[in-house]
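Beneath this line is the structure, given in structure tokens, with notes to follow.
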Amino acid sequence: MMSSQVTVLYFGAAQEITGNPAESLNAGDTASLRKAIIEKYPAMSTVSFRMAVNRSLLREESVLRENDVVAILPPFQGG
């Protein structure tokens with residue numbers, strides 16, 4: 001599977017854990033991206049987060065294309 005460079009945006013607890021609002025990572029699909037994020041930031045394994053690709057909330061794993069924007073959406077407090 002081809003790996004694509006994507007922009008990852010972190011929100012809420014994910015941003016607190018990573019210390020970054022955004023970064024570029026390489027991944028072929030959302031499953032490999034999820035794995036890469038948890039390998040880079042082990043504390044992310046304690047957060048159940050959803051992903052949105054190009055502003056569409058995912059219901060299942062998805063192939064990533066070059067320059068996609070992936071939002072990491074942890075559960076929001078009080079919602």
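Across all their heavy atoms, P74 and V47 have their closest contact at CB-CG1, 3.6 Å. When all heavy atoms of R59 and R50 are compared, the pair lying nearest together is NH1-NH2, 3.8 Å. M51 and L57 get closest at one heavy-atom pair: O-CD1, 3.7 Å. Across S3 and A27, no two heavy atoms sit closer than the pair OG-N, 3.3 Å. Taking all atoms of both residues into account, the shortest heavy-atom contact from Y10 to Q15 is O-OE1, 3.0 Å.
Hydrophobic clustering (ILVMFWY, side-chain heavy atoms < 4.5 Å, transitive): V6 and F11 are in distinct clusters.
The structure places NZ of K35 at 11.0 Å from CG of D29, a figure rounded to the nearest 0.5 Å. Of the inter-residue distances, the one linking L25 atom CG with L64 atom CG reads 10.5 Å to the nearest 0.5 angstrom. Atom CG of L33 sits about 11.0 Å away from atom OG of S4, to the nearest 0.5 Å.
Between T18 and Y41 there is a side-chain heavy-atom pair separated by less than 4.5 Å. You'll find the side chain of L58 reaches within 4.5 Å of the side chain of V53, heavy atoms only. A heavy-atom distance below 4.5 Å is not found between the side chains of R65 and Q5.
For the side chain to side chain contact (heavy atoms under 4.5 Å, CB included) with I37, the qualifying choice from I17, I72, V70 is I72, the only one to do so.
Side-chain atoms of T30 come within 3.5 Å of backbone N or O of S62 as a donor-acceptor pair.
Between E39 and R34 there is no salt bridge, since no side-chain N of the basic residue sits under 4.0 Å from a carboxylate O of the acidic one.
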